[in-house]
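Notes to accompany the following structure.
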Amino acid sequence: MAWRFLSKFSWDLDPEIYGDRHYNVFTHKFYPDVEDLIGSDIVAAVDEDFDSSVLFGTLRGTVVGLRYYTGVVSNNEMVALQREPNNPYDKNAVKVNNVNGDQVGHIKKELAACLAQIMDNKLAFVEGVVPYGANNAFTMPVQLSFWGRGENKQAVLDRLKAHGYKLAPPGNSSEFGFGTSWPPGKAGTSYSAPVHAAVQMTTEQLKTEFDKLFEDLKEDDKTREVEAAEAVITPLLQHQKQALAWMISRENNKELPPFWEKRENYFYNTITNFAEKKQPENVLGGILADEMGLGKTLTAIAVILTNFYDGKPLPVERKRNQLKEERIPAVKNYYKVSSISRAKEESDSLPSQSSTSHPQRATSKKGKYTVSNDSELKVQNMEKIKTKGEATNPGRKRRKASCDVQEDKAFASALEEPTISKKSKKKGTAAAQHKKNDTQEKLRTTLIICPLSVLSNWIDQLEQHVDPDICLNTYVYYGSERSKDPRVLSSQDIILTTYTVLASDYGTRGNSPLHKLKWLRVLLDEGHTIRNPNAQQTKAVLALDAQRRWILTGTPIQNSLKDLWSLLSFLKLKPFTDREWWHRTIQRPVTMGDRGGLKRLQSLIKSITLRRTKTSKVNGKPVLKLPERKVFIQHITLTDQERRMYCSVKDESTAAIARYFNEGTVLTNYADILGALLRLRQLCCHPSLCASASSSSCAEGSCTPEALREKLIEKMKLVLGSGSDEECAICLESLNLPVITHCAHVFCKPCICEVIQREKPNAKCPLCRKDIGLDHLVECPVEDADNERKPGQEWVPSSKINALMHALIELKKQNPAVKSLIVSQFTKFLSLIEVPLKESGFAFTRLDGSMTQKKRVEAIQQFQSNEAGSPTIMLLSLKAGGVGLNLTAASRVFLMDPAWNPAAEDQCFDRCHRLGQKQDVIITKFIVKNSVEENMLKIQNRKRELAAGAFGTKKPSSETKINEIKTLMDL
DNA sequence: ACCGCCGGGTGCC
DNA sequence: ACCGCCGGGTGCC
């Protein structure tokens, strides 16, 4: 059983590696290079501090006023405490709510007076459990737990004392409301000693074990297969049929959501001990978490066409035969014309929405649809656009005569279920078109939200997999002239849009048709896009109203467990939509190493997630037959001259670092150490990579403001220029207008400004909690247009470049058609490599983070082309592009420099080692002998172990960091 | 609330 | 009696 493996693993971790068990949960990116070095460093959360908290202690209190509220609780049920500062009787009032959010009562006023101070000053989070007396009529006891940042503990104790309260120390397990006993806090001692020493495993082994979590239940509904509807013309692979069966069963399921059970005449939540009469709703959907390349998009298309209602296919009509010869793939044309470039035409020809008169109900005899005159006009116009005005194309207008009526019939018949009242049946399509408050409403439209980068992929795949002879109404909601007419939108079968468009519509409040309508299905592609709960995109997505909800993602957990919360929130699974319950019942227990928490997490995930990896098997056969992937390490010996240069920098750095060790200031000088390491890494590649560095050297503290500024800018450039695509710790997106704080942490300017505004006048750095202010932010100066190649500077080779060129030329001799990726973290290095490539007559292209989307697409298309004369080489910066990047034209990869994080390398390799790759992939890693690079390999191996831990939420101790530095510098 | 608390009624044994 | 005691009214914040 995989969970057993996992929980065992999480208990047998080597404390040397994992450090002390800490409650820190939110893994926010630290200084990017630091983050890369130490894996998942954990620092205080920006948004909610309740994640890096320790338990201060517990206190028995009283809930009063039960008489006046309807919220009920059971014994041992968790309750939430909520401040109610506007209570007319007592500004200190503290409400007590049950898991459902219904008020149970108030905290007795004397205690509330004290709690109010603690809560308002954010000194602690207070959580409650009602131990007994849940049926009392007037008051009931409540066991309160106080959680907070360690440094606030004393203040909390003092406040309580001032009011005559004293916390019972943490340790007795009763405060958790679970039967399980939890490991005590940080100072606790009762962790069971590891039975086995930590065993090093290969990444592949670990992946397999980890991913078994998602497949090891041999449930019927995960191995059963369903054929797709006829309209899907691509035959599904076996694992896709299984996914289809599973998704359909999820959409039609009437079961209870996870952790709920029926007891006598009520429903009981086994995690929170909450009970209610009403059956809690299960999500009609879930997470399709297949790894990239297993065909999630095709599977999703199949679901849309196959499961309209109750397993019946989407009622689509065939286009009439005589139209066949003039058939144009509807989807593609639709896209080309209506979505972006021609959307204006559409809009211009439409009457504006405000001038639209009320739709007139045209109820024909057989007739069950409502079409307003002008809406018909719109439809016609849309069709004109859809078909580029070709009158010959079968379209909506024509279908009015040919297939539309039939379609309506088919649609209506799909609705004719015994459960539907006559009344709603009568309304037929009209009701389905747009009728908000009809509980019987049958919805039609699937809304697909994806990143812009995969929008075209959806369109391609729809065109590729859907029978072109059917009338599938697809609308690409994108571009400034997109239609906002709800009738237009709700009559579609599929609407495609992007997170950005959705968020910007949402921002306009009241003018977001996507938020006014209810959808049959909302499908989030690359669903991890919404992992940041504070992002506007996430809020926009969460505000959508849908009957069925799906998340497609190859990486449901990207940084930490907390990534899952937004996803669960979208799925609306009680009680996890409320962050407090998610946190109390799953996130914190798991992070603390609680077995029960891990079990709950696993059972939750398993019940709503389908996960297969490239190595998953169906009936003993791998789902994907990928060619082999071989990794070779090519050792490089530096020339004498290079070695001398390397040694001089190394000696200098070693001396400095040794001094830090002696002074015990290693961690405070961490950024400088990383800088030194970066220079060494660069020297392994090419001497001129680090030529400009180390110009400013002023003693700490004695800097002039100007010198400090310079220094910070240099540090920021170090971070930005190291070649990795940096993320902002606040928005978790790529840095937008990077600024550096005085404490040397880099954020997007808008993000950090917002934090400062919100927390002023006491704003603290989200990463290190040092004071920050708007006037202390240093912006990155605009780069001089081309400082890369200084004109006077002569190009010189390096050992690595020689080795690379040698390999490339040999390869070309053997097979001139073979294509290669040349990967480096240093874009400057890629530029240097361009020179000999040109000299030797290689046709190459390039992809790095600085390129616009358009240029990227161009570069990829050129490279993927199999025409003679197309580039055989792509220079690729390690982290450029999203996960979707497809570079299968390459069968060779040259990794010029090792990354701190082996996962980043693997991801990069996967860009060519994926579906569509026909040849074995050979990867060559260039590693300089006797250098920091060799030591990085050692650390990579240790990291592979760490990555397999329970969601990588363990904080490496400072000792670990120090040991890493020792390893890297041969100290 | 089978409590506590309040405030009015009441007052030898 | 500027008390005690009784018993009814009452009850979150």
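Protein chains get the first letters and strands the later ones, always in sequence-line order, with residue 1 at the start of each.
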Pick base, sugar-phosphate or nothing for Ile107(A), based on heavy-atom distances below 4.0 Å to the nucleic acid. sugar-phosphate
Without decimals, in angstroms, what is the distance between Asn136(A) CG and dA1(B) P? 9 Å
Ring pair (Phe, Tyr, Trp, His ring centres under 6.0 Å) against Tyr506(A), all qualifying residues, sequence neighbours excluded: His515(A)
Expressed in angstrom and rounded to an integer, what is the separation of Gln82(A) atom CD from dC13(C) atom P? 17 Å
Would you measure the distance from the P atom in dG4(B) across to the matching atom in dG8(B) and give it in whole Å? 23 Å
Identify, with sequence neighbours excluded, every residue that meets side chain to side chain donor-acceptor pair (under 3.5 Å) alongside Asn97(A). Gln82(A)
Kindly write out the residues that satisfy ring pair (Phe, Tyr, Trp, His ring centres under 6.0 Å) with Trp260(A), not counting sequence neighbours, or none if the list is empty. none
According to side chain to side chain donor-acceptor pair (under 3.5 Å), who are the partners of Thr497(A), at least two apart in sequence or on a separate chain? none
Going by number, which of residues 89-105 of chain A have a non-hydrogen atom under 4.0 Å from DNA chain C? Tyr89(A), Asp90(A), Ala93(A)
Show me the donor-acceptor pairs within less than 3.5 Å that the side chains of residues 63-72 of chain A make with the rest of the protein, sequence neighbours left out.
from: Tyr69(A); atom 1: OH; to: His106(A); atom 2: ND1; distance (Å): 3.4

Taking atom P of dC5(B) as reference, at what distance in whole Å does atom CZ of Phe138(A) sit? 17 Å
Atom pair distance, as rounded to whole Å: NZ in Lys109(A) and P in dC5(B): 11 Å
Find the distance Met140(A):CE to dG11(C):P and express it as a whole number of Å. 20 Å
Return the pairing partner of dG11(B) with a 3.5 Å limit on both distances, Watson-Crick or G-U wobble; otherwise return none. dC3(C)
Quick one: does Tyr69(A) reach the base of dC12(C) with a side-chain donor-acceptor pair under 3.5 Å? yes
Check for a donor-acceptor pair, side chain of Ser569(A) on one end and backbone N or O of Trp565(A) on the other, with a separation under 3.5 Å. no
In chain order, what residues pass the side chain to side chain donor-acceptor pair (under 3.5 Å) check against Asp90(A), with sequence neighbours excluded? none
For Asn100(A) and Glu276(A), which heavy atoms make the closest approach, and how far apart are they? ND2-OE1, 3.0 Å
Within this structure, what is the CG-to-P distance between Leu66(A) and dC12(C), rounded to whole angstrom? 11 Å
Interatomic distance, Lys108(A) NZ vs dC12(C) P [rounded to whole Å]: 10 Å
Please list, chain by chain and in numerical order, all residues satisfying ring pair (Phe, Tyr, Trp, His ring centres under 6.0 Å) with His742(A), sequence neighbours excluded. His776(A)
Nearest-angstrom distance, P atom, dC13(C) to dG9(C): 23 Å
Considering only nitrogen or oxygen atoms on both sides, find all protein atoms under 3.5 Å from nucleotides 2-4 of chain B and state each distance.
none

Could you tell me how far apart Arg67(A) (CZ) and dC13(C) (C1') are, to the nearest whole angstrom? 16 Å
